Amino acid sequence: MARITGALRSPVTFSILAGLVIGALFLVGTGADPFAAYGAVVTGALGADGIGATLTTGTSVLGMALALAIPLRAGLINLGGDGQMVLGGIAAAVTGLYVPLPAPLAVVLALAAGIAAGAAYAAVAALCENRFGVPLLVSSLLLSYPATAFASYLARYPLKEPGSSLPQTRRLPEGVALPVFGSSTVTLGLLLVVLAAVVYWFVDRRTVAGYEIRMTGLNSRFAAYAGVERKGLTLRLMATSGGIAGLVGAIGVLSFPYRFLDGALTAPGYTWTGLTAALLAAAAPLGTVLAAFFFAVLQVGGLAMERTTEVPRELTQVLQAIVIVFLAARLRFPRRRGGAAEKPAAQEPVPQGESV
Amino acid sequence: AAKNTDTSDAGSGTAAKDAKSFTLVTPDPVGQNEFLKLAIEGVKTAAKAHSGTQKVYQSSDTASQQQNVQAAVDAAPDVIVLVGFEFADLVAQQAEAHPKQQFLMIDACTAKTFKNVSCAVFREHEGVYLAGAEAGLLSKSGKVGAVDVLDTPQFRRYSDPFAAGAKEVAPKTSASTRFVGGQSPFDDSARAKEQANSLLAKGTDQIMAAAAAGNYGVFEAAKAKGAFAYGVDVNQCPSAPGTVVDNVIKKTDVAVAEGIEQVLNGKAGQTVSYGLKEGGISLTGLEDGVDSSQCVIADHKDVLKKVEALRDRIVAGELTVDDPAAK
Amino acid sequence: MFFDSDFLMSALRALTPILLAALGGAVCERAGVFNIGLEGMMLMGCFTAVATSWFTGSPWLGVLAAALAAAAYSLILAVGAVTLRGDAVVLGIAMNLLAVGLTSFLLRTVFGVQGTFGDPSLAGLPLVGGFSPLAYLAWASVGVAALMLSRHVWGLRLRGVGEAPDAAATLGVSPTRYKYAAVLVSGVLCGLAGAQLALGNVTLFSENMTAGRGWIAVVAVMLGRALPIGVLLAALLFGLAEAAGFRLQGLGLPQQATDAAPYVVTLGALFLSTAQRRRRDSRTSRPTGVTS
Amino acid sequence: MTRPPSNAAATAEAGATAPASAVAVELRGITKRFPGTLANDRVDLTVRRGEIHALMGENGAGKSTLMSVLYGMERPDAGSIHVDGREVSFASPSAAMAAGLGMVHQNFKLFDSLTVTENVVYRAEPRRFGLVDRAAARRRVRELAEEYGVSVDPDARVGALPVGLRQRVEILKLLHRGARTLILDEPTAVLTPAEADALFAVLTTLTGQDRTVILVTHKLREVLEGSDNVTVLRDGRVVARLRTADTSADAIAAAMTGRAVDLDRVHPAGTPGEAVLDVEGLSTTGVHGVGLTVRAGEIVGVAGVAGNGQSELVEALAGLRPVTAGRIGLKGTDITHASATERRARGLAYVPEDRHAVGTAPAATIAENLAMGHHRASLSSRRGLLPPAAVRAHAQRLVERFGIKAATPDVPASALSGGNLQKLLIGRELTHEAPLLLVEQPTRGVDIGAIQAIHDELIAYRDAGHAVLLVSAELSEIRGLADRVLVMYEGRVTASYGKAEADEATLGLAMAGGTTSPAVPASTTAPAPLNATAPERD
Ligand SMILES: Nc1ncnc2c1ncn2[C@@H]1O[C@H](COP(=O)(O)OP(=O)(O)OP(=O)(O)O)[C@@H](O)[C@H]1O
Ligand SMILES: Nc1ncnc2c1ncn2[C@@H]1O[C@H](COP(=O)(O)OP(=O)(O)OP(=O)(O)O)[C@@H](O)[C@H]1O
Ligand SMILES: [Mg+2]
Ligand SMILES: [Mg+2]
C-alpha cells in the first residue's frame, strides 16, 4: 500500500503526467483533440493490429535501453550505441553470409559475432577514458561515427548485393534467421532481449558485481574506498553495454529483411530512445523495461496516430523529451544528498546588490 | 488476417460499388521531395477518376516503413502503392502472405514476380544522359560534375550517365561526382552546397543536382559562381532562374495513375518500364512550354536540336545508356 | 591546388556555425555549467530563423528571433541545472531530443510539410565577400569573447564563479546570476549559429539540419579548453577536416571515409591534447601545504 | 560604489576615529543554534583596535560559527554585534566587508586558475572602460605587498603557489578592500613554521598600522608568541578570557580541554602481542618518512592538528593513495602496492574520516551500506551471488548489536542521524574482525552516549586481540583509548608517548609543534623507530 502511494507520488509519475498535460496543450493549440490523439496512440500501439509492431520495436528499444542502462547504473554514459549496434549488425551479416555451417549454428554464431563486435568496440571507448583521459561521453560519441561509416562502406562496396539499388548486403541464406512468432514480425530476438533484462535484473539485485555497480553509481568514492576498481569496472561495463548493442544489431540483421541495409539500424533512433528510457528509469532493471515499453508504445502509437488523426507523430517525441526534462532534476537528487562534502546551495550566501 | 478497422472510411463494403480506395506509402517524409509529391498527385488523380479515396502514409525509416505497410495491408484498400526500392523486400513478404491484396510498386520491383504485384520502373539514366549531353555542349571549361545524396547504385544513376552523355557530345570532357553524406544526407543542404562548391572550385561549370533537399544548396552554390545546374523530377528552374539549365523529369504521377488503372483493369502482375520512349522520363527542355519554364535551355535551341537527335536514337534503340544500378 | 582559396572558404563556412555554438559552450563551461544541449539550441535557432524570415520577409528579424528563441530555450538548462540543481548532462541530452521533436512538430503544424521547408522566396542573409554578415560576427565574437573573458570585469567574475562559486559568493558575486547569464549567452550564440546555418550557409529548414554540429561544438569546447582562441582553433580543425573530406572525395576516397574523417581527426586531437596536458600536469605537480 | 577606499584613506580614517584602546569589534550574548547543536551559547567577545586577539577551543567548540556570525554568513539567534562602536547587522559577507571586516577562511576561498592580481581585485576591480585596468591592479597589488612586507608575484597563478603564499593573497584581498579588522580562521593549520613566522610578521605590521586581527587557532605556541589577548570557547561557551602576557600554555590548554569527566575516562591498557602493521619510511603527498608499528591487542593513537598528514597517512595505509617511498607490512606481508581490495582481504578494516562522502553511500539503504566490504567475503556465496536475504540478515544483526536507530534496514542511510551513521560505519568495519583496524575521528559530531558506546567497542575490539590505529583530533579520546600515542606534525611523526606520559598538556604542546626536547621520548613500550632497526627487505 505504501509502495503504491509512493509510486504515485514519485517524480516519474509526475514527469509523465506533466509530459502528457503539456502534450495535450500542444494538441489543443494546434486544434486537435487530445483525447482522440492519445486514444489513437493507445489503440494503435496496443490494439490487435499494433501490438506486434510494438513488440518488434520494443525489442530494439529495450535492447538499446539495457545497453545504455548498464553503464549508467554506475554513473557512466555511453553515447556510442549507434556505432556499437551497427558493428554488431555488420558482423552478424558477415558471419551469416560466409560461415559454412548449418543454419541454426550460423544463427548462433552470427549473434555471438554481433555481441563480440559491439563489445570490442565499446571497450575501445573505455580505453580512451582509462588510458588517454578522454571523457567516456565524448570518446564513445566520436567513435560512433567512424563505425557507422565503416559499416556503410562495407555494405556499399565489398559486401554489396550485386544489382541492388540499395547499399545492402545479400540476403542471408535460407534459414539463417531468428525464428518468428506465428505470422507476426516478432522474433526470438524479443526473448533474447528480455532474457538479457532478466539477467541484468538478477545481476543487479543478487550478485556481488551488481551490488558494486550500484554502489559506484550512488557514490563512486564510497565504492573506491571499499576497493572497487574503477577502470576495470568501466571497461567491463562498456564491453557489456557494447555487447548488448551489438546483439541488437545482430537481431536486426537476423530479422526481416535478413540482411544488413545501410542506415536501417540507426535511422529509427533506437539509441536515443533507449538512452531516454534508461535515464527515465535511473537505470533500474525493471524500470528500464517498463520505460522501454512505454517509449515503444509512444513510437508505434505515434505513427498510428498520424495515420488516423493527422496529428504529427513528432508529438510523441516531444512528450518523451519533456518527461526527461522534468526528471533531470530528480536524477541528481540522491547524489546531491550524498555529497555532504561539496556544500550545497544553502551554503551560498546571497550577495548583495552588485554594482556592475 | 486483414481486418477492416475504423480507419477504412472508404471501405468497399460501405461505399458505392465502384468507389475505390488507395493507400500510398512513402519511404521518406514527403517534405520538398518532388518525386514523392508527384506520386501523391498520381494517386489523387486515380482516386478522382474512380471517385474513391486515397491515404498517404509517410515513413521515415525502415521500422516505420514496415509498420505503415502492415497498417496499409490491414486496412485492405484496393491498391497499395509503394514508392521506392526500399519496399522490395517488404512487398515480396506481404504479397505472399496476402495474395488478394494488390500492390503497385513504383521505381522498383520484387525479385520474384507475384500475380498481385505490379511495378513501374524508370530508366532515369536515359534522361540523365541527355542532360549530360546538354552539359557537354554548354560547358566552357570542359568539366562537368554531379552531387548525389549518397554513394548508392540508385544515386549513381544521376552521375555516371551524366558524365557519359557529356562525353558523347564532347569527348574531352572530364567528370567528377560528389556525395553529400554526413549525418543526415537527404536534408543537409549546407553540405550539399559545400560539395558543389568543391566541384566549382575545380572549374566545373555544369552540375547535375541529385541531392534531394540539398538541391537548393547546389543551385545556390552554382548561382554564386555563375555556373549551371540540372534539376531532377520536376521543373526546378523557377527556384533558381538563370542557373538551372534543365531537369530530368520523372513522370511518377503518370506512372502511378496508369499503374492503378492497369491493376483495376485486371492486368496486375506486370512491370512497366518508363523511359524516354514511353515518355515517363524526359527533359523539361524536350516538353511543351519550354519557353515559359524559366530554364536556361530555352535560350539554346541549337543544343536542344542535338539533344533531340540523341533522344531519338535512344528511343529507336540505336543507342543504349548504361544503367549503373544494374551493375 | 588542394589548399586554394576555395578550400579555405569552404572550411570557414563549415566552421562558422560550429564556432558560434562552441563559443556559447565555452562561456557556459567557464561559468561552470556543462552544456551539451548546444545541438538542440542551435536547431531551435534554425527553425525560428526560417519561420520568422518567411513570415516577415526579413532575414534580420529571423536572426533576432533565432537568438531570442534559443535563449528562451536555454532557460530549461539554466533553471534545471542551476536553480533546481539537476544533472546538466541529462538535461542537455533531453534538450537535444526535445528540439528535434519540437521543430519537426512545428514544421508540420506551421508549414504543413515534413522533412524540409524551403522556398525560393525565403529571404536568406546577404553575402558580403562570400560570407554572411553572421560569419564576420562569429569571427569577431572570438575576439570579443576573448577580450571579455580575459579583460572585462564580467569575464573575470564569470571565470571566478566557474572556478569556485563559493569563493565568488563570499565576495558578493552571485554565482546563480552569472551562470544564468552564461547559459543565456550560449543560447543567443547557438541561436545565431542556427540562423547562420539556416539563412546563411543555406536558405531553408530541414528536420535535424544541425546534423551533429552541436556535438562537434561540444567537443570543440573541450579541445579548445573553453578558451575562445582555443575553441576557434578546434572549430577550424574540424572545418578543415570537413573541407578536406570534400576534396578527398574528388581524389577518389569513398564517401564513408570522408564522412568519418572529421570525427577521427577530432578524436586524435583530443588524444594529443589530453596526453600533453597530462604530461605537463605530472611535471608540475601541485605543491602541497606541507613542504620541507 | 564598490570601489575600495584607497589604503591611505582607510588608514587616515582609522587613525582619525580610533583612539589607541578603542573597541574594534564587540559581540554581546551571541547565541547560535543548529538542529541538535547549540554552537554558540551567549558568547561575549571584545576585541580592541590594534590587537591580535586569539580565539581558541577544541574542534566543534563554536569558533568558526562565531566568526561566521560576525562576518554575516550566519544570522545569530540572539545577541548583538558592534563594529567601531556602532551596532550592525550584516545580511551578507559583502555587508561585513563594507563595514571594514575581512575574513580568511580555514579552507581558502581562492580561484586557483586566476592570477594573484585577479584574485586580489576580484569584485573590487580598478577599471577603465569597463575593462579591468590590469596595470592599475598590478600596481595596487605591488603597493599593498610592499606596504605590508608581503612578497608575492602579482602575475603568478594562485593554484601554483605554495599554501603560505596563497594565504598572503587572501590577506592582500582583504587589505585591498580596506579591511581594518581581519579574521583569520586557523591560518597556520597548514603552514610550515617558517611560513607561520612570516605570517606573524605580516600580522604585526598590520596591527602596527592600527588594524585588528582576530586569530582562530589551536596552536598554543603561536598564541603565546603572537597574540595580545585570548578568549577560550568550550562547547559554545566562553570559558576563559586571558591576557597573553599573564598566562601560560598549561592554563590555556586546561581551559580548552576541560571536558566532562566521563569523557576523560582512561581505559585500562591492553596487552600487546605480535606486530600486525609495520610501516617504514612511508612517504606520500603530505607524509614524509613515517615509520610506525601497531601490534595485536594495542591501540596506537595518532594525535595532530588537522592537516598535518594524518588523513594522507591513513589513506596510504588503506590503499587509496599511492605510496611514493617506504614499505607497509601487514602481518608480515608486504602490501605497499596492494589494491584496497587485496588489503581488505588480507585483514584490514577502515573507518574513514568523511562518513558522508567516503564511508557511506547515503542514497543507498542501510542494509546495502552495511554490506560493503562484506559483500565479497562472508555475504557472498561461491558464484559471486549476493543473496538479498543474507544482506538483510547481516544488516539486522548489526543494527541490533550496535544499537543503530533505524525503522528498518531498507531505508536510505541518509535518513540516519550523524551519530547513528557513525555507528553504522564503525559497526560494519568492526564486524570484519580484521586483524588491523584503521579509525579516523570515530566520534566527531557524535553525541556523548554514542561516544561512550563507540569507545567501549574499540576497547573490546582491541582486547579481542586486534590491532587498532586511531587518528583523532580529540585529545581526550586519544588519551582515553590509546596505549601509545604518536604525534604528527608537518607530515612526520614528531613524538611518541606511552599511555602514562601522554597528558593533555604534553600532547597539546607536541601537536602545536611545541616539543622543545629534541629527542623523541623513548618510552618503554614504544619500539625504536623502524628505519633504525632496519629489518630485512624483500
Ligand atoms: N551548518 C551547521 N549545521 C549544523 N551544525 C553545525 C553547522 N555548522 C557547525 N555546526 C555545529 O556547531 C558546532 C560548532 O562548530 P564550529 O564549526 O563553530 O566549531 P569550531 O570550533 O570551528 O571547530 P573546528 O576547530 O573543528 O573548526 C559543532 O558541533 C558543529 O557540528
Ligand atoms: N549544512 C548542514 N546542514 C545540516 N546539518 C549539518 C550541516 N553541516 C553539518 N551538519 C550536522 O551537524 C553535525 C556536525 O557537523 P560537522 O560537519 O561539524 O560534523 P561531521 O560532518 O560529522 O564531521 P566533520 O567534523 O568531519 O565535518 C552533524 O550531525 C551534521 O549532520
Ligand atoms: Mg567540523
Ligand atoms: Mg572551525
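All of these numbers come straight from a predicted model, not from anything done at the bench. Numbers restart at 1 for each chain; the letters A, B, ... are given by sequence-line order, proteins then strands.
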- Item | Step-by-step side chain to side chain contact (heavy atoms under 4.5 Å, CB included) determination, D/R177 to C/L171 | CA-CA 10 Å; D/R177 269 151 247 264; C/L171 293 173; 3.7 Å; yes

- To the nearest 0.5 angstrom, please state how far the CG atom of C/L156 sits from the CD atom of D/E125. 5.5 Å

- Where D/S94 and C/G172 come nearest, the two heavy atoms and their spacing: OG-CA, 3.2 Å

- Message: How close do D/F111 and C/A167 get, counting heavy atoms only, and between which atoms?
- Response: CE2-CB, 3.7 Å

- Just by distance, do the side chain of C/E163 and the backbone of D/S113 share a donor-acceptor pair under 3.5 Å? yes

- Which heavy atom of D/L110 sits nearest a heavy atom of C/A164, and at what distance? O-CB, 3.8 Å

- Kindly compute the distance separating CZ (C/R151) from CZ (D/R134), expressed to the nearest 0.5 Å. 4.0 Å

- Item | Distance, nearest 0.5 Å, that separates OG of C/S150 from CD of D/E118 | 8.5 Å

- Can you establish whether the number of heavy atoms outside C/R225 located under 6.0 Å from its atom CZ is more than 12? yes

- Message: Taking C/A168's backbone N and O only, do any of them form a donor-acceptor pair with D/Y122's side chain (distance below 3.5 Å, no angle check)?
- Response: no

- Look only at the side chain of C/H152 and the backbone of D/V132, and say whether a donor-acceptor pair between them is shorter than 3.5 Å. no

